[in-house]
There are 2 protein chains.
Amino acid sequence: MSTRIQILDAGEQLARARGLEAFSYADLEKAVGIRKASIHHHFKSKADLALALIERYSERFADALRDIEDAHVTPQERLRAFTGLYRDALAGGEQVCLCVAFAAGRESLPGTVALATRSFQEMALAWLEVTFNELNTPEFPDDPQDEAAAFLALLEGAQIMARGASDPALFDAAIRPFIRRLGVTGLKA
Amino acid sequence: MSTRIQILDAGEQLARARGLEAFSYADLEKAVGIRKASIHHHFKSKADLALALIERYSERFADALRDIEDAHVTPQERLRAFTGLYRDALAGGEQVCLCVAFAAGRESLPGTVALATRSFQEMALAWLEVTFNELNTPEFPDDPQDEAAAFLALLEGAQIMARGASDPALFDAAIRPFIRRLGVTGLKA
DNA sequence: GTCTATACTTTGATAGAC
DNA sequence: GTCTATCAAAGTATAGAC
């Protein structure tokens, strides 16, 4: 595995567990096993690293959405799979989605990073809006745009809650009512 | 207004907009108009300040919950008022709840602060669980504990989303389906 | 690409005068 | 309670050898 990727992996883990401002090149030095100067060779500034982090995260997320579309046909199944993405990102209650970590401290982000974070969110919302639009059932009667926003908020908030208690069970509890509503809908369809 | 309170106010604003690690005593110096050394006189360490912030926040929140109980009788009205608390905390899309800001970067929190943040969340969840328990309607058939977790996650996530885009309209969109479900329920009751 | 060495800044914190 | 002065440590970043 290339050094660049090792740095990105370590940076992402730290950013998602602590926040962008709460880790340093010294932390990366320890995690990757090379000197700070070498890390600067790969990422000239911390802003560059942060931008690379959110861009890579966005690409991986886009890939994951395509995988869901390939593997699942019904909107119910796709939404359940989408939930799995956020459940996995929890990493045992020790991390949140990079987008959540960045959005929380938005004012301290470099401009380009703030924009990329926003784009990530818009990608997620657009995909969900399409999916809720296909989900034409009485259980979700609202504007698909609102249902998408509500669902993404639920998942992001469930991550934050679980993170606050370092307990993934809180994520599961928060998601349960939605999953049940979705299941009932699935049977009706 | 006492200097101590001015420091707390400035610290809270900065923590909720940027995150705890993303502001310094130098920022407080500018905001409050006294020297760093004077701030250390009021809060010996940054950990002390952070703890004071979350404790004051918890007290104010507990007061707000009592006010809601005094002003509203039905669980529907109380939940709507609870939503207002989180909508107000958005501050135009430029801040999140202190609990959310702290929980997001949990790994970098002093131990006492992490515990106090968790307590805050548990207070919110306990209050919501009681309220959902009173809300005995077919629209919310799940375990009140799960409904409480889902609702708090929705509100916290709606804040994060709105913060990511600096746009409170995203909060409103995310909350709308819940408010509608609550409204329908209210009519049936 | 990685290293040592170093520059410069910011940060949290303390000592002691007023 | 607030100030000036100061500190050691940590932070980001660069220069130049290998």
- Message: Please report whether the ring centroid of A:Y86 lies less than 6.0 Å from that of A:F82.
- Response: yes
- Over how many whole Å does the gap from B:I34 atom CD1 to C:dA13 atom P extend? 15 Å
- Message: Distance alone, cut at 3.5 Å: any donor-acceptor contact between the side chains of B:T117 and B:R106?
- Response: no
- Query: Considering only heavy atoms from C-beta outward, does the side chain of B:D9 approach that of B:M1 to under 4.5 Å?
  - Reply: yes
- Rounded to the nearest Å, what distance is computed from the CZ atom of residue A:R35 to the C1' atom of nucleotide D:dG16? 18 Å
- Whole-Å gap separating C1' (C:dT11) and CG (B:D27): 11 Å
- Can you tell me how far P of C:dT2 sits from OH of A:Y25, to the nearest Å? 14 Å
- Could you check how far CG of A:L28 sits from C1' of D:dG11, rounded to whole Å? 12 Å
- Using a 4.5 Å cut-off on heavy atoms from C-beta on, say whether the side chain of B:L125 contacts that of A:L170. yes
- How long is the line joining CD1 of A:I7 and C1' of C:dG1, in whole Å? 10 Å
- Message: If you apply the rule salt bridge (charged side-chain N to carboxylate O under 4.0 Å, His left out), what do you find for A:E107 with B:R18, and how did you get there?
- Response: CA-CA 5 Å; A:E107 190 172 306; B:R18 301 185 194 174; 3.1 Å; yes
- What's the CD-P distance between A:E21 and D:dA10, to the nearest Å? 18 Å
- Report yes if a side-chain nitrogen or oxygen of B:T3 is closer than 4.0 Å to either non-bridging phosphate oxygen (OP1 or OP2) of D:dT2; otherwise report no. yes
- Query: In terms of ring plane angle, is the pair B:Y57 and B:F120 parallel, tilted or perpendicular, where the classes change at 30° and 60°?
  - Reply: tilted
- Message: For DNA chain D, which residues of residues 36-56 of chain B approach it to below 4.0 angstrom with any heavy atom?
- Response: B:A37, B:S38, B:H41, B:H42
